[in-house]
Structures are given as structure tokens and as C-alpha cells.
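Notes follow the structure.
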Amino acid sequence: MADARDAADAQPTPWDTALPLVRAAQRGDALAMDDLLTRVTPYVTRLCRPIAPADTADAVQEALTAVFKGLRGLRDPQAFYGWVRMVTIREAVRVARRTAVERPAEPDELARLGGLSADVDTELSADVRDVLSRLPVHYRAVLVLRELEGLDERSAARLLGLAPGTVKSRLHRARSLFRRSWSEPTRQGERHEH
């Protein structure tokens, strides 16, 4: 029994398996770079979708390009995933800011905002998606980092290049705007009550 636990504990994490690829890609190995970008694309897409819903594909492409161009400058290969998250958030916010028309994000990505399950109540998830999509991008980015990614305010501040106090105030304002939009009288009759 102890051997089974030890074997389970010895299973490599995604970070462990990416480490040799990061090092090889930094040395110029094109196949390692391709494999690395293929591995992080779903993660990058998951981060970009709720922040830049109208231009997710563009945001993903910009983020992957930035990862490709900047990987050689990454000092600590073990910090790869945190660095990818930082680059991705920066690029998604940049792309979203230049987008004039915004579309809602996918309900599956946003269901966690209200502790909702998209599988149980798709209509309710669509409401969450709709409300979130109407927030300005600087509020939406902070809300996504905090509620979807589970980051604390200091970590979100580092990723966005903001002071922690700014993130805290934007998060407060984002939650307030979300609640206000959520409880609009015209929408209340459309939603299921808990």
C-alpha cells in the first residue's frame, strides 16, 4: 500500500514535464518550442476567453507569440507557467481594450463566478455570461483573475502591473457592478430564484 502511495506521489506534474522542454526551447530547439506551445495553448485559451471574448483567437495568438519571443529571456524555467499566465493576461487585456464590440464569454468559463454549474442550469449561466460581458475590460480582468483563477489581490496586481490597492478597488467596483446588473428589475423575472 505504501508503495502505491509512493508511486502516486512520484508522478510528474505538468510543470515537471515542461521543464526539459523549456530548457531545450531556450537553447533554440524548434521541436521543443512547438511541443511547449502546443501544451500551453489550452491554458492560454482558458485565460483569454473571459477577458477578450470578442477576440479570443487574436488574444491567444498574441499571447503565444509573446511566449515564443520572450522565452529565451525567462530566467527561471521553473517559473514557466506563472510567466505564461502573466504574459497571457497582459496580452488578453491589451487585445480586449482595442476591441470596440464585445461578445459574452462561454458559460462554462463563467459559471464559477456565482458558484453556478453550467451543466445544471445553462440559462442561468447565460445570465452570468451576459452580465460579465457588459463589464469594462479592466473590471472584468480583475474579476476573472480573482474568481476564475483564484488569485489573491497581490498576485492579480503583479500580473496586471497595478498597485494592490488599485486591484482591490477595481475588484470591489467590479463586484458591485456585477451585482447591480444581476439584480436589474428587468432581468429578475427571467432568472430562477435560489
Side-chain angles (χ1 to χ4, degrees), residues 1-99 105-113 117-119 132 137-138 140-162 164 167 171:
M1 186 74 147
D3 292 334
R5 271 196 315 254
D6 291 341
D9 290 342
Q11 294 294 323
T13 66
W15 294 271
D16 294 334
T17 59
L19 192 56
L21 290 173
V22 171
R23 289 183 176 135
Q26 286 180 314
R27 289 189 306 268
D29 183 334
L31 293 175
M33 178 64 84
D34 183 58
D35 193 18
L36 202 55
L37 292 175
T38 299
R39 285 182 185 211
V40 299
T41 297
Y43 178 63
V44 167
T45 303
R46 187 173 63 84
L47 289 172
C48 289
R49 188 175 291 130
I51 295 172
D55 288 316
T56 301
D58 288 345
V60 169
Q61 183 174 349
E62 293 292 331
L64 292 174
T65 300
V67 168
F68 177 80
K69 289 179 177 178
L71 186 62
R72 284 190 185 207
L74 179 63
R75 290 185 187 138
D76 181 6
Q78 291 183 321
F80 176 70
Y81 278 97
W83 175 75
V84 167
R85 179 171 44 196
M86 180 189 70
V87 168
T88 299
I89 296 298
R90 183 188 68 221
E91 293 302 320
V93 168
R94 190 179 60 74
V95 168
R97 281 186 177 145
R98 75 171 189 231
T99 303
E106 293 299 314
D108 294 339
E109 294 294 325
L110 305 175
R112 288 177 37 198
L113 281 172
S117 171
D119 296 333
L132 187 65
V137 69
H138 57 278
R140 189 170 56 230
V142 170
L143 200 58
V144 166
L145 287 174
R146 184 72 174 106
E147 302 299 335
L148 291 179
E149 284 298 301
L151 296 182
D152 60 30
E153 288 153 5
R154 287 192 188 283
S155 298
R158 273 193 305 274
L159 278 173
L160 295 170
L162 301 170
V167 168
L171 183 60

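Rounding to the nearest 0.5 angstrom, the gap separating the OG1 atom in T41 from the CG atom in L64 is 4.5 Å. Atom CZ of R23 sits about 11.0 Å away from atom CG of L21, to the nearest 0.5 Å. For the atom pair I51 CD1 and R46 CZ, the distance stands at 10.5 Å (nearest 0.5 Å). Rounding to the nearest 0.5 Å gives a distance of 7.5 Å between CZ of R85 and CG of L47. A distance of 10.5 Å separates CG in L19 from CZ in F80, rounded to the nearest 0.5 Å. Rounded to the nearest 0.5 angstrom, L71 CG and L36 CG are separated by 6.0 Å.
For the pair Y81 and A18, the tightest heavy-atom approach, listed with the atom from each and the gap, is CE1-CB, 3.9 Å. Smallest separation of non-hydrogen atoms from A63 and V87: O-CG1, 3.9 Å. Scanning all heavy atoms of the two residues, the minimum distance from R72 to R27 falls at NH2-C, 4.2 Å. Between V67 and W83, the shortest heavy-atom contact is O-CH2, 3.5 Å. In plain terms, the two heavy atoms of A96 and R140 that are nearest each other are CB-NH2, 4.2 Å. The two residues A52 and A92 have their closest heavy-atom pair at CB-O, 3.8 Å.
Applying the side chain to side chain donor-acceptor pair (under 3.5 Å) test to every pair with at least one member in residues 58-68, sequence neighbours left out, gives these pairs: E62-R94.
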Give the intermediate values and the outcome of side chain to side chain contact (heavy atoms under 4.5 Å, CB included) for residues H138 and V142.
CA-CA 7 Å; H138 57 278; V142 170; over 6 Å; no
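Side-chain atoms of E91 do not come within 3.5 Å of backbone N or O of A66 as any donor-acceptor pair.
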Enumerate donor-acceptor pairs with a distance under 3.5 Å from any side-chain N or O in residues 151-160 to protein atoms, sequence neighbours excluded.
residue	atom	partner	partner atom	Å
D152	OD1	R154	N	3.3
D152	OD1	S155	N	2.7
D152	OD1	S155	OG	2.9
S155	OG	R158	NH2	3.3

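Between Q26 and L74 there is a side-chain heavy-atom pair separated by less than 4.5 Å.
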